[in-house]
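All heavy atoms count here, side chains included; hydrogens, waters and symmetry mates do not. Proteins come first, then strands; the chains are lettered A, B, ... in the order of their sequence lines, and each starts at number 1.
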Amino acid sequence: MQVAKVIVDVPTSQTNHTFDYLIPEPLENIVIKGMRVSVPFGPRKVMGFVVEVSDHSEFDKLKPLDEVMDLTPVLTDELLQLGKWMSEQTVSFYIQNFQAMLPQILKAKYKKEIEALTDVELPEGLQQLFAGRTIMDFEEFIERNGNYALLLEEIKNGHVQINYIVKSKETKKTKVFIGPNKEQYLLEEAIEDMSNRAKKQKKIMEWFIQQPEPVEQQLLLTKLQTTSSTINQLVDKKLLKKIDKKVYRDPFQNTEFERTTSLPLNSQQQAAIKPIWDAIDSKKDEVFLLHGVTGSGKTEVYLQAIERVLVKGEEAIVLVPEIALTPQMVQRFKGRFGSEVAVLHSALSPGEKFDEWTKIHKKEVKVVVGARSAIFAPFENIGIIIIDEEHETSYKQDEQPRYHAREVAKKRGSYHNCPIVLGSATPMLESYARAKKGVYRLLEMPDRMNEGEMPPVEIIDMRDELYAGNRTMFSRNLLDAIKSRIERKEQVVLFLNRRGHSTFVMCRECGDVMKCPACDIALTYHKSSHQLKCHYCDYQIPMVKECQVCKSKTIRYFGTGTQKVEEALREHIPEAKVIRMDVDTTRRKGSHKSLLDKFGNGEANILLGTQMIAKGLDFERVTLVGVLAVDTMLHLPDFRSSEKTFQLLTQVSGRAGRHKLPGEVIIQTYTPEHYSIQLASQYQYQQFFQQEMETRKGFHYPPYYFLTLINVSHPNQLKAQEVTKTICKLLFKHLSAQATVLGPTPSPIVRINNRYRYQCMVKYKDEPNQREVMRRILKHYHDDIYRHDLTIQVDFEPYSLM
DNA sequence: AGCACGCCGACT
DNA sequence: GTCGGCGTGCTC
């Protein structure tokens, strides 16, 4: 008897354990751990992960499992263990962690088909099922009691494969190619016979006489200015034929990657890479913090570390923040490692993600470059894990399971005995503190390559501008600087951390501010659509003509968003061509890249944008970076706001003067004396680190203390408050006397989407049993959570306190 | 989650 | 006396 222990896809605390199922005889030795199966669960069928196969069960009335969903495991032993560990660390359910490791497609409902790949005669049992076809439904295989062992064998031999068909169109894997169906001379004869009116048809035929190779239909249509109906007529006449070609969706297929080879390392790079190479060679799971200023050549260090790993036949994972934002980064990896690289990032369609994942799963690639979830790449022989821009907040998932990719990386590193490299120009305070303590090994690269200097930074006190009678959002210096760049045909990057047009609209008469009815937040005016939008829920209404309260028509716009800046630029510098990049202009797939390409081609003088333009851009002609208002970020209710400001300023400054032309940075602020602005303008990371550590120490914040944040929300304000209060009490009672429990406190935004939000914060040095306490609290509120619309979010070492 | 079971009030 | 409201508990 074989028994599968299964974690079912029912994310509740009551079902957060394995359920035993009998493996029916035809599936014996087919079902192995790491596979997904379909099992009867009460009256219905659910998906589940086999986490163990055993020869007995404590349970006596076992049901047999229904069906296997994979013929090869989708999770390795290591990933199964990792999922268990993660669920303990983040106090989440096992199933959520397993799901988080797989591409979306494998979570959704889908259909499977079996495809014969060769003309080779398949074994008896299989051949007859196909009955002359090349593709059959998997359903049919099950219905006709197909032989799993045989199928599995043939998959291994590469004679057949399983295709996952998802309902969405995005996952179409075939492209239609058109090719000639007859010999050249027959085509020529056919043209002669055609009516004189069939101009388009002749044109198409001539194309194929010129070159008989099949071409993509899409290409043919655009090149010859015709439509598919014309082509279809020729296909009907048997002159041409349609060919469905299977193609991997390659998101970079239209990009040529110039192959590069190792660049010679300068002395500081050599000093940094040596210990990493040693760790690779000796299989040591050491964590390195590579602190290198922008332009110090960190990427080349990564590349050559990976080369060392590949030579040993091992694999590498590279995490980059939101990779779509750095096409240039992808280019460098693809350029060096070519087809050995898979790329995983959030801008890919589900189908594309699945294809990239499949390449990893089938071991067709050795290197993965991707965003946070790429840390789960199903490699079995990892030689190095690199996390670039280590301080980026996107490495922490802001929904369950709230894992941090860095911690997962360390765990995987210790399993594979491989080094971890954390790279950053502005490491997170916690990381740098660890490096100083010797927990991580610190590697410093303080100098830019080619003796380049960081661009000088000018801080402009906007209060002075106001005294001088300048009421615009541009200081005189900035405006002059922009104008001079345009004259010199150089480019400008302008940064403002706020999208929309105005941050709020207010009635001048009675002072009423337009607010979202569902959230406790002012509405933002979007000029292009003439709408008032809430940035926290999807509420939006047309802009009001008069005050809702006093009917006055004197409604004014306050606060500045990217749209307003764009408008003001047009007014002050009409000759400037501006590209605006924010969530609103990059929502469409691929728009991100196309906007950047446009800017790179010099189709605009100014790139204006939010957060998203701060990272990784590298354009030769950018010689001026302007930060319009840094204050909004500095005064957020978050203990990390100084650090985030410092990081951001350092990052945007790095965008200027990266090549031959000298750069300049202008920062506009109302608090020029603030230490993060001052120190960022002088590129003084060390001093900033020391000063910020002082502040953190004083307020008992990380890295001196750990934090745990509990967010409670409920439609009823009293309920939310009362639950939070009880949780605070429980924590106070069950945690050690050294822990500080703060709360209940209303969240910075008390109401979002008609839910009231309260929080409780725990500061502690060492609380080994806090996860158990949290789990018990969640269990205690189980009923309220599942039946009464209560949510309790527990976030260990949170990145955001909102 | 989704469903059966079971205990109390309104009703042909 | 029954029908069905929802609170409670279980799913191998």
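- Evaluation of the salt bridge (Lys or Arg N to Asp or Glu O under 4.0 Å) test over residues 82-94 of chain A, restricted to residues two or more places apart or in two chains, returns K84(A)-E88(A).
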Using a 4.0 Å heavy-atom cut-off, write out nucleotides 4-10 of chain C from 5' to 3' as B (base contacted by protein), S (sugar-phosphate only) or - (no contact). ----BBB
Kindly determine whether V712(A) and I710(A) satisfy side-chain contact (heavy atoms from CB on, under 4.5 Å), including the steps that lead there. CA-CA 7 Å; V712(A) 178; I710(A) 297 144; 4.2 Å; yes
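- In terms of the ring-ring contact (aromatic ring centres under 6.0 Å, His included) criterion, residue partners of F141(A) (sequence neighbours excluded) are, by chain and number, F138(A), Y148(A).
- For H17(A), the ring-ring contact (aromatic ring centres under 6.0 Å, His included) partners are F19(A), not counting sequence neighbours.
- Per the geometry, NZ belonging to K63(A) stands 7 Å off C1' belonging to dT11(C), to the nearest Å.
- Applying a 4.0 Å cut-off to non-hydrogen atoms, the residues of residues 20-30 of chain A that approach DNA chain C are D20(A), Y21(A), listed by residue number.
- Scanning for side chain to side chain contact (heavy atoms under 4.5 Å, CB included) contacts around Q99(A) gives D9(A), M47(A), F49(A), I95(A), K107(A), with sequence neighbours left out.
- Between F19(A) atom CZ and dT11(C) atom C1' the separation is 6 Å, expressed in whole Å.
- Taking the 5' to 3' direction, DNA chain B first and last meets chain A under 4.0 angstrom from a heavy atom at dA1(B) to dC3(B).
- Rounded to whole angstrom, the span from the NZ atom of K45(A) across to the C1' atom of dT11(C) amounts to 16 Å.
- For the side chain to side chain contact (heavy atoms under 4.5 Å, CB included) test, residues two or more places apart in sequence or in another chain that qualify with R755(A) are S713(A), P715(A), D789(A), T791(A).
- Taking A409(A) as the reference, I375(A), I385(A), I387(A), I420(A) meet the side chain to side chain contact (heavy atoms under 4.5 Å, CB included) condition, with sequence neighbours excluded.
- The side chain to side chain donor-acceptor pair (under 3.5 Å) check on E380(A) picks up K363(A), with sequence neighbours excluded.
- Partners of F376(A) according to the ring-ring contact (aromatic ring centres under 6.0 Å, His included) rule, which considers only residues two or more places apart in sequence or in another chain, are Y403(A).
- Under the side chain to side chain contact (heavy atoms under 4.5 Å, CB included) criterion, S57(A) pairs with V3(A), D20(A), F59(A), L62(A), not counting sequence neighbours.
- Contact annotation for K5(A): no contact, since no heavy-atom pair falls under 4.0 Å across all strands.
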